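What follows is a set of notes on a single structure, which appears directly below.
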Amino acid sequence: MEKKTFKAKKRTDYKSPDFTVTNIDLTFELDDTKTKVTTVAHYVRLTQDKKASLVLDGEELVLKSVKVDGVGAKYKEHDNKLEISSVPDEFDLYIENEINPTANTSLMGLYKSDGAFCTQCEPEGFRRITYFLDRSDVLAKYRVKIVGPEYGCGVLLSNGNLIEQGKIKNRPFAVWEDPFPKPSYLFALVAGTFDIVEDTFKTKSGRNVDLKLYVDRGAALRGQFAMQCIKESMKWDEDRFNLEYDLDNFKVVAVDFFNFGAMENKSLNVFNSVYVMVDPDTATDTAFYNVQSVIGHEYFHNYTGDRVTLRDWFELSLKESLTVFRDQEFSSDCANRALTRLHAINVIRSSQFAEDASPMAHPVRPEQVMEMNNFYTVTIYDKGAEVIRMIHTLIGEEKFKKALSYYLEKYDGQAVTIEDFLVCMEEKGEIDLTQFRRWYTQAGTPNVDAKWHYDRENSKLVLKLSQHTNPTPDQSEKQPFFMPIRISFLDKDGHEVRPKELSFKDYIVLNESEQEYTFTLSENVLPVLLCDFSAPIKLNAPYTTENLQHMMSFSADPFIKVDSAVNMQKQYVHENIKNLKNGAAVTDPIELISSYRQLLSTVDENTDLILLNETMKIQSVSSLMETFDHIEIDQLSAARTMLVNKIACALEKEFKNLYSKVRASSANYSVDNMGRRSVNNSALHMIVTALCFKNEHSKASDLVMNHYKNSNNMTDKLQALTDATHFDLACKSAIHDDFEKRYSNNALAFDNFFRANATVESYKAIDNVKALMKHPSYDGNNPNRVRALVGALALSNPVALNDISGDGYRLLCSEVKRLNSINASVAARILTPMLSFSRFDSQRESMIRQELKNLMALPNLSKSIYEKVDAALKER
Ligand code: PHE
Ligand code: ZN
């Protein structure tokens, strides 16, 4: 068999384009299987080399005609390129080609999502529409004519302003013009029949912006919340960053088939319907919260991404990290700061640290890429956002705002680099970021060790920090990073004290391998390190359990409070994995129980319930995994289960109290209700845990059944469904029947059913997934269904995936194999957890290797999967 290989591109190989396009005129004659695309684009030579031919990108196109300035041209079609030689310095290029939207299951380019036509062009989807200079540094003005399909069509949409519409021979058409030059990845077209939610927004300068949200027919009510979020986003960007919307209309379309979350196409955002369609009956509070954040994210791209765009895809984090930072600030200001921060930190410490420890580890600005779709990662997005946050910490809000405005004005309408951004931050932030740039060039998670002692003679607390970063596959030597470590001090009564060394700021800078700091303080003051998780690192500080309890009770910083509880949990799990292995007796989490008891005893109407819930939450298996280099999954999950059982049993009375005390007053989403429901549902879970541990399953079942029956919203129903399923309670079949009856015709709501079944923490999950793949509501071609079922097993159920039978691996890989030719991008994503086999025992490692080798031998292996499997098998 011939071995398939693909070549990676290198960041440093960037060359500016030989030609650019100033204007492009696109005509689509839509048809399910034979859409005709006609383009007339004005090309201008940029290179001095008069002989350089024009080389365009194109994939899966049926080329019909090519003309240069109206005359048939000589061209060659090869390897997904169209090469036209001897072209003048400036010319109009006419291209006619055909595409087949129905056959397009990759969901890149023009495809059909249920009945509607829609496009996805980031990063390299435009080349599946027509031959073009499909690169982000070619910015053109677009004029788009869409002729609807012969069978008729509701709306015809593209970027910018509608300038004409009518009928040609009974077929509707519309012409759109976007006044802002843009790269091809921001082009969009949507055609279909939708219900429309309409509203307007008055900008700060008094312009009225026409807002339209396009959703499935009959579902307009479920789009109301998203519309509110659009207006909130527009207002927030004006208030916080002085950024006013720049067109007279803004359109958002919700589609059912979509590879990622949503897409920021200029004035025509296309969304995965998950991030639009919510109401209390069908969507959880978390889903509502996510709608707000993703609507914000895509809207904020209008400046950070669209108006100022990327030179090339290695710079992806330039737009994504900055926009994630902005959407996090939006959620912080408009929903809840602590919750937003804690979620973001959790993503870093579970998923991003896992990525850093994997064969696909890469810096925030990668050096080489084979398949760009593989780089929409937590490193590029979320670690990138932490890096931006560090700059914000270092220079402060005012300078950050100034620097951002300066960057957006200076580079308006241009395609730029992370370096350009950093220079603006340096200039207006009055800071030297030379060493700081290592965050962009070095992959891996820095480990920071802390030690301190008290120097009585001089009345100083002496703090020593050291840092080291493990090698990653791409880099064996790491230089020290530059990072702000936020710090505060608690005296023994729990009061915050401030040494004179920190009178102007609340952080110290760590930028060497080893550093010492002194603070003028009295004795017995505790340094509280890494407040607000001020750097994306693993901190190793010698806190005693007493110290942790103290910080949990008295720190004003939500992260420190929660993290102190988390650290106690981790200590317990680590200790008892050892005990389990040595056959020693397991211990009781006495201090954790007493801290939690204390916390629960003080709950009243003033309690911050969101923070309470986060503090009480027991860390997931996935995030506990990231506190180990070598993962012993069975022991880890056993130790975690013991921890949950012990806490649940010890505090059963308190949880029962809490359960009846804290209930949300209405089904509607609000941050207040979200807090109430989360505490109420966590209490239910703990009571059920305790009852099941004591073998009182029927009591547990009654309680869960009641919870389900009395619920008027998806958040509560899902908790009941999940507990019934995970504990295999008697009420399970009744709840399953009811849930199926109610929701099996609402795909998004029903994904909760798939997820609940796929996340049972045992072998059972594998059987569930196999069975549900045959469920009438399942569709193996729809990424949302795949993610809810097989994806949940892969990404949210490490215990079942890594079952020692190897059946989890086999099931996942058979799906990856099936998806390889349907949607390689989704396939490659769900495969991710199997790449890190070297962190597991040799038995699991060899089973995974075998599965990966089988994938590698596929005759039609996609580039996406090849890149990841190759990286994994190459390691060691
Ligand atoms: N650019 C999108 C975002 O806002 C993500 C995306 C990438 C969507 C590629 C679709 C395809 O993050
Ligand atoms: Zn984005």
Side-chain angles (χ1 to χ4, degrees), residues 113 194-199 201 211-216 218-237 250-265 268-302 323-324 326-337 339-340 342-344 347 381-382 610 664 666-675 677-678 713-718 743 746-752 755 783-784 787-788:
S113 168
F194 300 94
D195 273 1
I196 310 177
V197 182
E198 288 185 76
D199 212 323
F201 177 78
L211 307 175
K212 286 201 172 74
L213 174 64
Y214 300 83
V215 300
D216 276 352
L221 279 177
R222 275 190 286 142
Q224 298 291 343
F225 179 75
M227 179 54 88
Q228 287 312 111
C229 296
I230 296 173
K231 293 193 286 181
E232 230 180 340
S233 308
M234 291 183 148
K235 179 76 171 67
W236 181 86
D237 220 8
F250 184 69
K251 310 172 282 285
V252 170
V253 185
V255 300
D256 295 323
F257 283 72
F258 202 77
N259 280 350
F260 292 94
M263 182 62 211
E264 69 265 24
N265 317 298
L268 177 52
N269 289 357
V270 175
F271 271 64
N272 185 327
S273 53
V274 185
Y275 297 112
V276 174
M277 309 304 290
V278 286
D279 68 12
D281 178 45
T282 61
T284 60
D285 291 337
T286 306
F288 274 86
Y289 177 89
N290 291 341
V291 166
Q292 185 184 39
S293 120
V294 180
I295 291 268
H297 181 95
E298 305 310 329
Y299 175 71
F300 303 140
H301 267 313
N302 188 50
T323 306
V324 171
R326 276 152 53 66
D327 83 52
Q328 288 175 356
E329 283 303 296
F330 169 60
S331 297
S332 298
D333 290 343
C334 297
N336 183 291
R337 182 163 290 273
L339 183 69
T340 303
L342 291 165
H343 277 182
V347 169
Y381 276 64
D382 301 82
I610 287 189
S666 90
N668 286 340
Y669 168 80
S670 70
V671 171
D672 183 45
N673 280 341
M674 184 174 188
R677 270 195 283 271
S678 64
N713 62 83
M714 180 55 85
T715 307
D716 292 345
K717 282 207 175 69
L718 180 58
Y743 300 114
N746 179 324
L748 295 177
F750 204 65
D751 281 345
N752 289 314
R755 234 174 274 120
N784 287 346
R787 282 185 284 250

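Since the model is a prediction, treat every value here as computed from it, not as a measurement.
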Margin query: For the NZ atom on K231, are there more than 12 heavy atoms of other groups (residues, nucleotides or ligands in this structure) within a distance under 6.0 Å?
Written below: yes

Notebook entry, point to check: Does the D195 side chain pair with the main chain of V215, one donor and one acceptor, at a distance under 3.5 Å?
Noted result: no

Item checked: Nearest heavy-atom neighbours spanning W236 and C334 -> CD1-SG, 4.0 Å

Next item on the list: Return yes when atom OH of Y275 has more than 12 non-hydrogen atoms of other residues, nucleotides or ligands closer than 6.0 Å, and no otherwise.
Entry: no

Check: Can you tell me if R222 uses its side chain to pair, donor with acceptor, with the backbone of V276 under 3.5 Å?
Finding: no

Note to self: Can a donor-acceptor pair be found, under 3.5 Å and without considering hydrogens, that links the side chain of N302 to the backbone of Y299?
What the structure shows: no

Note to self: Rounded at 0.5 Å granularity, tell me how far CD in E232 sits from NZ in K235.
What the structure shows: 10.5 Å

Check: Would you find a donor on one side and an acceptor on the other, under 3.5 Å apart, between the side chain of T715 and the backbone of D285?
Finding: yes

Margin query: Any non-hydrogen side-chain atom of D237 less than 4.5 Å from a side-chain atom of F330?
Written below: no

Check: Does any N or O in the side chain of S331 come within less than 3.5 Å of the main-chain N or O of Q328, such that one atom is a donor and the other an acceptor?
Finding: no

Note to self: Would you say the rings of F201 and F250 are close, in the sense that their centroids are separated by under 6.0 Å?
What the structure shows: no

Margin query: Strictly distance-based, threshold 3.5 Å: is any side-chain N or O of N673 a donor or acceptor partner for the main-chain N or O of N668?
Written below: yes

Checklist line | Polar contact flag, side-chain donor to acceptor under 3.5 angstrom, D256-S113 | finding: no

Checklist line | OH on Y214 to CD on E198, rounded to 0.5 Å | finding: 7.5 Å

